[in-house]
> 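This is the structure, below, for whatever I ask next.
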Amino acid sequence: MTNEKLRQEQIDEEMINQGFQHLLDCYLASKHRKKVEIITKAFNFAKQAHKGVKRRSGEPYIMHPIAVAQIVCSEIGLGSTSICSALLHDVVEDTDYTVEDIENLFGPKIAQIVDGLTKISGGIFGDRASAQAENFKKLLLTMNDDIRVILIKIADRLHNMRTLGSMLPNKQYKIAGETLYIYAPLANRLGLNKIKTELEDLSFKYEHPQEYATIEAKLKETKEEREELFNEFTLPIRTKLDKMGIKYRIMARIKSPYSIWNKMQTKHIPFEEIYDILAVRIIFDPKELEEERAECFNIYVSISKIYKPHPDRLRDWVNHPKSNGYQALHVTLMSNKGQWIEVQIRSERMNDIAEQGFAAHWKYKEGGGSEDEGELEKWLRTIKEILDDPQPDAMDFLDTIKLNLFASEIFVFTPKGEIKTMPQNSTALDFAFSIHTFLGSHCIGAKVNHKLVPLSHKLQSGDQVEILTSKSQHVQPSWINFATTAKAKSKISAILKREQRGMQQAGEEILQNFFIKEGMEFTTENIQKLCTLHQMNSPEEFYAAIAMKTIPLGESDSNALKEKAASGGWKKLLNPFAFGSNKSNKDKDEEKKPIAKIDNKKIIKLTPEAIQKNFIIADCCKPIPGDDVLGYIDEHNRVIIHKRQCPLATKLKSSFGNRILAVEWETGKALDFPVNIYIKGIDTIGLLNKVTQIISEQMNVNIRKLFIETNDGIFEGHIQLYVHDVDDVKSITSKLRKIEEMKTVTRIEQFEDIP
């Protein structure tokens, strides 16, 4: 046994040394100043600090910091300070060493970054608090101190995702969910395109293993066809670029499995109908750095003489970089096989920035990267403004931030011709708040391209916007509905809350005077009586309504206060179901018993009996057996079953990860579940008969609802059926697709009548 242990220690030691040597080799091959001594010192310190500790996978813990440092060095392109910080990132959190110890040994800068990383991971949060949202808030706060904190945190998350297989299933869903919700868009916003794609694909792989495997298999099947198309399409382009004497390389860019699946979900189309799986990337070395923009357009002009360009699909990110620094010229060309293919034209410098994001700017500091770094500063400032006005609800905070994280950009002009970058779908109101809070809170309308428009008007790229204001104007509650940027939403919320507090105080005083006049005590019980009478959710809401005069206090209030509770009248008033026993499905769900003790380390089986007694099928996504699902323990200790890709489940994974359960269907064919199917095609006589024949006669399935409408020879319809599982849905949809006139058959979540 001792010999075995000794042999294992030797194997571990060799693995650790090989991992560190590979890190050093990559660092020495980079363009950074060579500070091998401090990196070796950090490695030896971390190795000693984590000695004897193993990861869940069984490997020595130090392999994780080495792997994170490797990502920081090779994939993000950072230098010795970041590599040391990555090696030390778990020391303060997991061992007895302090930030002061790190500072004494490695200096203030490394200590500050390690402290930032520790703050993100640490902290004690209540059961109902959103630990992940709180961590994210801290993460963004530390970004202002040093952007490297967040870059190392993304590297840490990437390695955790790469080794997620050794975790329990419920942990996998939690980590994959928050990765998709927070870290992938954050990596995208910082220009880490390659890392963003990998984070999305890994999350997808763990949440939907079957779909992931299916898409991978289909990509493999169609690989030869794509390669043939790529070679044929690029041959005349290569000939032309060679003649021009340009130093270049051409690459095929294949759409990632997650992007393909996402498009299949949002567009309700099968894999075979996704036509932009292949894109072409031309990466060139400019003769002169000052000429790189001109060369992008020269290449575009040359290739558009070979293939016809799509008139509406030229994207000029060269003259107007995205706020994450991304620069390229995108053009869509028609191939000889009648297929649109996107071509991305970028220089080697632009390619580095596209792959490594802001970290790549340090390579090209003389090359004018400062303008784009200014964009990052602007983004950090926006986030800081949101953080300066913290929202009590962590979920609101996350949603607010994500409005900006996911946004694509448009470019609009001020009346003086200055250019401003705004998220896509921004309104005139968002533009006003982006310039100044005072301008936003007093705006009454806008002129877009010299035409008067309302505040809710959506802006387009190239619009010139002038904001019209009035001193008498105040922020309106309805504004929150059409503000789209994080800054506008947070400012409107803050102003409304401030005004609401003033109204509540005024209303409370009016109510106190009313109680004195009626000779009644100003007690919680009496206030609650009036809240119930006026169907108000809280005393605060009631006070505000009194102040705004939407609820005048009068005789009915006086009678309600004097009525005796002994009569039982209040109990009836408080219980809207006291007068009847007709219960909806929702009421039945409310009655489902809490599960006494749940072991979240085990996979919970969804048997027919358990579903009928204990589990609630979420109404938002309506999962059925065969769907990838998870369980969520609500505040009443009941388990709600959601689809893993349900938007609400995604938020729950990010915010209440400790309440997520791994669940598995075990219903067999015992239960029926409602499912909605959308169909569309060419209208012919007898078509409806063909549809109902397949569903009712061939498949022996009950139709619960049916709605079909024909317009100009095209029919569109929704059918609600009762099925046992996803296999039933697949059989029905595949048989319906065989009807010649049928063009679209897809499962949808909600049954909607066609307007």
Side-chain angles (χ1 to χ4, degrees), residues 71 75 132 154-189 192-223 226 253-274 276-279 398 402 405-406 603 620-621 623 626-632 641-655 657 660-665 726 730 746-747 749:
I71 293 166
E75 297 178 55
Q132 193 53 42
I154 288 170
D156 178 37
R157 175 49 59 119
L158 179 59
H159 185 246
N160 284 337
M161 286 303 295
R162 284 174 179 172
T163 55
L164 198 57
S166 58
M167 301 293 279
L168 294 167
N170 67 316
K171 289 279 186 203
Q172 287 178 355
Y173 304 152
K174 172 198 181 292
I175 293 166
E178 67 191 29
T179 298
L180 259 189
Y181 192 66
I182 294 169
Y183 289 95
L186 196 51
N188 182 45
R189 190 65 188 209
L192 302 167
N193 186 55
K194 212 171 174 184
I195 288 175
K196 179 224 36 162
T197 304
E198 190 179 346
L199 287 173
E200 286 176 341
D201 279 347
L202 286 167
S203 299
F204 174 41
K205 183 181 174 181
Y206 283 103
E207 291 219 272
H208 304 285
Q210 280 181 309
E211 280 99 328
Y212 180 83
T214 305
I215 290 172
E216 283 275 76
K218 285 188 175 175
L219 283 171
K220 218 171 187 178
E221 276 169 37
T222 52
K223 189 181 176 191
R226 270 197 313 276
R253 189 232 64 188
I254 309 302
K255 209 173 184 68
S256 70
Y258 174 76
S259 294
I260 292 169
W261 178 77
N262 211 19
K263 197 162 190 177
M264 286 164 67
Q265 299 298 305
T266 51
K267 304 266 185 194
H268 297 300
I269 52 173
F271 178 90
E272 291 68 28
E273 285 181 34
I274 294 176
D276 61 344
I277 288 174
L278 172 72
L398 272 182
K402 275 176 64 64
L405 286 184
F406 272 139
I603 296 174
C620 50
C621 54
D627 284 329
D628 291 328
V629 288
L630 53 77
Y632 167 67
I641 307 301
H642 286 273
K643 279 188 193 173
R644 284 181 213 157
Q645 79 266 32
C646 166
L648 180 57
T650 307
K651 290 185 183 184
L652 296 172
K653 283 178 279 192
S654 301
S655 301
I660 298 298
L661 296 175
V663 294
E664 255 176 29
W665 296 104
V726 166
K730 284 178 181 168
T746 188
R747 177 183 164 194
E749 273 158 23

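What you see below is based on every heavy atom in this structure, not just the backbone, and it leaves out hydrogens, waters and symmetry mates.
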> How many angstroms lie between atom CG of Leu158 and atom CE of Met161, to the nearest 0.5 angstrom?
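If I round to the nearest 0.5 Å, the distance is 8.5 Å.
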> Rounded to the nearest 0.5 Å, what separates atom NZ in Lys263 from atom CD in Glu273?
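Between atom NZ of Lys263 and atom CD of Glu273 there are 11.5 Å.
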> Between Trp261 and Gln645, is any pair of side-chain heavy atoms under 4.5 Å apart?
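The answer is yes; the side chains approach within 4.5 Å.
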> Any side-chain to backbone donor/acceptor pair from Asn170 onto Ala662? Under 3.5 Å, distance only.
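No; judged by distance alone, with no hydrogens or angles, the pair does not exist.
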> Would a 4.5 Å heavy-atom cut-off, applied to side chains only, mark Asn160 and Met167 as touching?
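No, every pair of side-chain atoms sits at 4.5 Å or beyond.
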> Nearest 0.5 Å please: distance from the CD atom of Glu664 over to the CG atom of Asp628.
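One finds 10.5 Å between CD of Glu664 and CG of Asp628.
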> Identify every side-chain donor-acceptor pair in residues 209-221 under 3.5 Å, counting partners at least two apart or on other chains, and give the distances.
residue, atom, partner, partner atom, Å
Tyr212, OH, Glu216, OE2, 3.4
Thr214, OG1, Gln210, O, 2.8

> To the nearest 0.5 Å, what is the distance between CD1 (Ile154) and NZ (Lys196)?
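These two atoms lie 12.5 Å from each other.
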> Looking at every heavy atom in both Gly631 and Val663, which two are closest together, and how far apart are they?
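Smallest interatomic distance, heavy atoms only, reads N-CG2, 3.8 Å.
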> Is the shortest side-chain heavy-atom distance between Leu278 and Ile254 below 4.5 Å?
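Yes; the side chains approach each other to less than 4.5 Å.
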> If you take all heavy atoms of Gly626 and Val726, which pair is closest and at what distance?
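Taking Gly626 first and Val726 second, the nearest heavy atoms are C-CG2, 3.4 Å.
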> To the nearest 0.5 Å, how far apart are CG in Asn193 and CG in Asn188?
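Here the interatomic distance stands at 6.5 Å.
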> What are the two closest heavy atoms between Gly165 and Tyr206, and how far apart are they?
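Scanning both residues, the minimum pair turns out to be N-OH, 3.0 Å.
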> State which residues pass side chain to side chain contact (heavy atoms under 4.5 Å, CB included) with Leu648; sequence neighbours excluded, sorted by chain then number.
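Per chain and number, Leu648 pairs via side chain to side chain contact (heavy atoms under 4.5 Å, CB included) with Cys620, His642, Cys646, Leu652.
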> Just by modelled atom types, is the Ile274 backbone N or O under 3.5 Å from a matching donor or acceptor in the Lys267 side chain?
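Looks like no, no N/O pair under 3.5 Å.
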> Could you check whether any side-chain N or O of Arg157 sits under 3.5 Å from a backbone N or O of Ile175, counting only pairs where one atom can act as donor and the other as acceptor?
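Flag set: sc Arg157 to bb Ile175 pair under 3.5 Å.
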> Between Lys174 and Lys653, what is the shortest heavy-atom contact and its length?
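Heavy-atom minimum between the residues: CG-O, 3.7 Å.
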> Can you list the residues that meet the ring pair (Phe, Tyr, Trp, His ring centres under 6.0 Å) rule with Phe271, with sequence neighbours excluded?
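With sequence neighbours excluded, Phe271 shows a ring pair (Phe, Tyr, Trp, His ring centres under 6.0 Å) to no residue whatsoever.
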> Quick check: closest heavy atoms across Val629 and Arg644, and the distance to 0.1 Å?
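Closest approach of Val629 to Arg644, heavy atoms only: O-NE, 2.9 Å.
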> To the nearest 0.5 angstrom, please state how far the CD1 atom of Ile660 sits from the OH atom of Tyr632.
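Going from CD1 on Ile660 over to OH on Tyr632, the span is 7.5 Å.
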> When you measure from the side chain of Tyr173 to the backbone of Glu207, do you find a donor-acceptor pair of N or O atoms at a distance under 3.5 Å?
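No, the answer is negative, given that no donor and acceptor are paired below the 3.5 Å cut-off.
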> Only one of Lys171, Gln172, Lys205 clears side chain to side chain contact (heavy atoms under 4.5 Å, CB included) with Leu164; which?
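Exactly one option meets the side chain to side chain contact (heavy atoms under 4.5 Å, CB included) with Leu164, and it is Gln172.
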